[in-house]
Amino acid sequence: MELSLHDPFYKEKTIALNALYQVIDPELFINIIDLGLVYGLDFHQEGSIIVTMTLSTPFCPLGEAITTGVKNALEFPFPGKAVDVRLVWDPPWTPNPLLFH
Amino acid sequence: MADINIGRAPGNHIVLPFFGTGALFYLILSILLLLSTEDWSGHYFTPHLLAIVHTAALGWGTMIIFGAAYQLLPVICERDLYSPRLAQLSFINLLIGVCCLIPAFWAFQPGWMMLTGGSLIVCAAVLYTINAACTAGACTRYSIQRLLILSSAGWLLLTTIAGLLLAINLGHPFIFRSHLDLLKLHAHAGLAGWFLQLITGVSTKLVPMFLLGKSTKSRLLYISIILQNTGLLLFIIDGLIGIPPSVTPFPRPLLYATLVTAGIIAWLRWLADVYHHRARKNTDWPMRQVLLSFISLLLAILLIPLMHYSSHPKWVMVYGLFIFLGWISTIILGMTFKTLPFIVWNGRYKNLNGKIKVPMPKHLYKETWVRYQSITHITGVLLLVLGVILQMPLIIRLSLWINLFTAAVFITNVLRVLFHKPNIPTHGTVPARPIL
């Protein structure tokens, strides 16, 4: 996920990314930001955050734990905002081999 | 695309009893093996060895595979398990069935206890097949896995029904054919139908998931399904019809074994391709155990011609050891720690993930014990095989003590996971990571 300095929600997105670093994929033992599972953060809607993300595999048995982790992590820095996690499979996630060496 | 079903596994109270009971049966199996040291120098058709084989196949292998299948079917098919209640009923039937069957074989009393055990196991197989068929039947994707899950369930049903008929035949003979010849059909329907096809199906989902690997050669898997089933079907039909060996100039059982072997090789080639194209270069001990188990499967296959041409029963025993201890047990010993900690972790920590610092699934068990368990298990199996080939009771006894030690380490680690108590701080969140 890329973050531009000119993004109107730069501050919010930085705080959100910082919180999402705490969500770890329990099998791969790497946080979901470094893994590249989070595709986008949308703060345009008043009172809610839309997280567009994927999973390492569509039938991931821990998928629910990861999406719950995203909601939990964003609850603390953004109290009162509803977190809407949207799972997408396109583009499919491809692992960065450097992460696993 | 929002609200995608990411697969909802049944509750932990449904699947965990299978894992706990399976681990207990592995310990019982190790004790029975130790009590039967003398049986390894005679024929394989003895009460003790029959009890041991059924403990391994049903109490240990099928028990854990049922639990893992009920956990994995919903995530593979992206829909809920058809009936958690049927899963619970299958557990009760399988447990009571095995508890009746093992003592009945051990004491060799083909009476009501053996028949009750056999009938309950058939019921367990029926319940599993209904659940698998109704869950996988509605699955529109992953057709290879669906085919293998359904075909393996069908073979399980056939195997258990054939086993019950053979048990009836022991007390009240009504099949006027060699019992040992029919036993071969029953055994291979279970090994090449139930175990092989289920392991093939599940591995094609789990191995890429754990290694972060992929293969584009899915044609190999279709070839594998066709060859495995064709070879096994021909073997069973030929055996049931009872065509004399002299009808063909070549030994037909070897032809059927070659077909199944070709199917196995196609599947292993697909797995090798996944391994070659994996992102995770570090392979952990549970996965190493799974990869090692395939060597044992190949060694068992190499023994088939020897079994066919030699009249010595020790080769059948070595074949059985490679299959049950070397292949199936090695896979289960490894995969237990790739599934069970995640199931328990999901139940204990899923809702706390991202909120507070929680242990990871691999912290729920001792990784070093898994390493010791792998080493002692492989050493035990190799020594037992050596002892049986050389017919040396001292080596057999030593290997069986090592095997008991492995079982003790395994069950202690499993209990550690099952009875894990969450260590949750009363307040506080994870400290924020500095922004880079």
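All chains are named by letter (A, B, ...) in the order of the sequence lines, taking the proteins before the strands, and each is independently numbered beginning at 1. For clarity, every value in this text was computed on a predicted model and none was experimentally measured.
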- Choice from Arg278(B), Lys338(B), Lys350(B) maximising heavy atom contacts with chain A below 4.5 Å: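 That would be Lys350(B).
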- Message: Taking every non-hydrogen pair under 4.5 Å, which of Thr339(B), Asn353(B), Asn351(B) racks up the most with chain A?
- Response: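 Going by pairs under 4.5 Å, I would pick Asn353(B).
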- Item | Qualifying residues under ring-ring contact (aromatic ring centres under 6.0 Å, His included), relative to Phe337(B), sequence neighbours excluded |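 Phe337(B) satisfies ring-ring contact (aromatic ring centres under 6.0 Å, His included) with Tyr365(B), Phe410(B) only.
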- Residues that His363(B) engages under ring-ring contact (aromatic ring centres under 6.0 Å, His included), provided they are two or more places apart: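 His363(B): ring-ring contact (aromatic ring centres under 6.0 Å, His included) contacts with Phe29(A).
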- Does a salt bridge link Lys214(B) with Asp273(B), judged by any charged N lying under 4.0 Å from a carboxylate O?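 Judged by the 4.0 Å cut-off on N to carboxylate O distance, Lys214(B) and Asp273(B) do not form a salt bridge.
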- Message: Please verify the inter-ring angle class for His44(A) with Phe9(A); under 30° counts as parallel, over 60° as perpendicular, anything in between as tilted.
- Response: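 Rings of His44(A) and Phe9(A): perpendicular, over 60°.
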- Query: With respect to chain B, which residue among Ala73(A), Pro77(A), Pro26(A) yields the maximal number of heavy-atom pairs within a distance under 4.5 Å?
  - Reply: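 Most pairs with chain B among the choices: Pro26(A).
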